[in-house]
Amino acid sequence: MTFQKTNLDHKNPSIINHNQENHNKINLNRENLGLINLNPLQRGGIIPLETRAILNQWLDGYSVCDFCRGCLDKIQRPPIETFVHKTLPKFLGCDEVRITNGAREGKFMIMHTICEKGDWILIDRNAHYSTFVAAERAGLNIEKTPKTSAPEHKINETDFASKIKEMETAGRKPKLALLTYPDGNYGNLPDAKKVAEICRNAEVPLIINGAYAVGRMPINLKEIGADFIVGSGHKSMAASGPIGVVGATKKWAGQVFAKSKNYPLKGVEELGCTSRGLSIISLMASFPYVIKRVANWDKEVENARYFSDEITKIRGIKAIGEQPHNHDLMAFETLVFYEISTTHKRRGFFLYDELKARGITGIKPGLTKNFKLSTFGLTRKEIDKIIGAFKEIAKIK
Ligand SMILES: *Cc1c(COP(=O)(O)O)cnc(C)c1O
């Protein structure tokens, strides 16, 4: 095939698309920028102005490596060393913390270090898919605790005790347990302290998956009494990402953060170096803002409950998950919108369109029967605007 322009190019659009010049022009404008975004995945990753102001200096690849002497968490200019070895351990209640490229990478590095291929692990039934994928990559077998039926979908803490016993009897005692805190479907917050106590008594190390907690709400590994914690920078710490944090107690830090035999500055599970540029700068730049918002968590829960109370006044909308709710991630069953979709000319897409027309986005296009959303970081005025929009849309015939 030739890239030379011929008359044919202009007649056949498929050939024009293969023209080198056109091919290089990719439209990267973000369609929904500036709208109120209800996507739980994105609300905690919105970058505050003070962070935006610094990012331009760090866009280049490997930008944080100007003064690196071989180890990311030892870099002093910018002050990554203090951040990783003092600020974050204090914030998370850990003895040691390392930077990862996301919560999943943290989970994988722990599983890969602590377990052998073929080992069993125990996780809660509301666990995120990335927990399953991390375990699969590490060659592990998975057992799950039960959960209560709809609409609550609650994890009973004591099921960790009975499951561990059951697995032990079957000759497959879990090498590791994981609690999703909160889960990403319903925003349920089990009693992590209770699960940690059960796991401690059974001598099963426990990971707290705090992808939706670290950077949103107060959370402290020592207080919980578990062994590991993972967090997600792009999900809940106002960072551009991809970036995450992994924390461990003294007991495990040496193993999980062990250095390479051949390269004594390089962590093996970190593959030598993790976040090497813009993403760690964004995490550090947002940190003072994150500290402030974590202190404001009660207000966030109050806002979420207010939203839930108002929205469930609409006939045909029901809250799913624990009630009263304790997190900004909320799920709803919304039969009223489903009913409208059955006769609407835009079918299931009407809801997305109607919300967008009112300056709101973040509910997946096509969904009407049930969906999750988050009010994290929104003002009361914005929340009232969203409630008003849902009330209006519910009246569409
Ligand atoms: C989003 C999410 C993850 C994945 O986080 P990454 O930082 O993108 O790896 C893991 N667990 C839960 C519960 C999540 O909601």
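Along the sequence shown, residues carry numbers from 1. Order of listing sets the numbers, starting from 1, for every ligand and every atom in it. Every heavy atom of this structure was used, including side-chain atoms; hydrogens, water molecules and symmetry mates were not.
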Is the number of heavy atoms from other residues, nucleotides or ligands within 6.0 Å of NE2 (H128) greater than 12? yes
Taking only residues two or more places apart in sequence or in another chain, which ones pass side-chain hydrogen bond (donor to acceptor under 3.5 Å, both in side chains) with Y289? none
Quick one: list whatever passes side-chain hydrogen bond (donor to acceptor under 3.5 Å, both in side chains) with N29, sequence neighbours left out. N27
Need the list: ligand 1 N/O atoms against protein N/O atoms, distance under 3.5 Å, rounded to one decimal.
from     : atom 1 : to   : atom 2 : distance (Å)
ligand 1 : 7 (O)  : A103 : N      : 2.8
ligand 1 : 7 (O)  : S232 : OG     : 2.7
ligand 1 : 7 (O)  : H234 : NE2    : 3.1
ligand 1 : 8 (O)  : R104 : NH2    : 3.0
ligand 1 : 8 (O)  : H234 : NE2    : 3.0
ligand 1 : 9 (O)  : A103 : N      : 3.2
ligand 1 : 9 (O)  : R104 : N      : 2.9
ligand 1 : 9 (O)  : R104 : NE     : 2.7
ligand 1 : 11 (N) : N209 : ND2    : 2.9
ligand 1 : 15 (O) : K235 : NZ     : 2.5

Indicate whether the side chain of N188 and that of K147 have a donor and an acceptor atom separated by less than 3.5 Å. no
Kindly write out the residues that satisfy side-chain hydrogen bond (donor to acceptor under 3.5 Å, both in side chains) with Y306, not counting sequence neighbours, or none if the list is empty. D384
Over 60° means perpendicular and under 30° means parallel, so tell me whether F376 and W297 are parallel, tilted or perpendicular. tilted
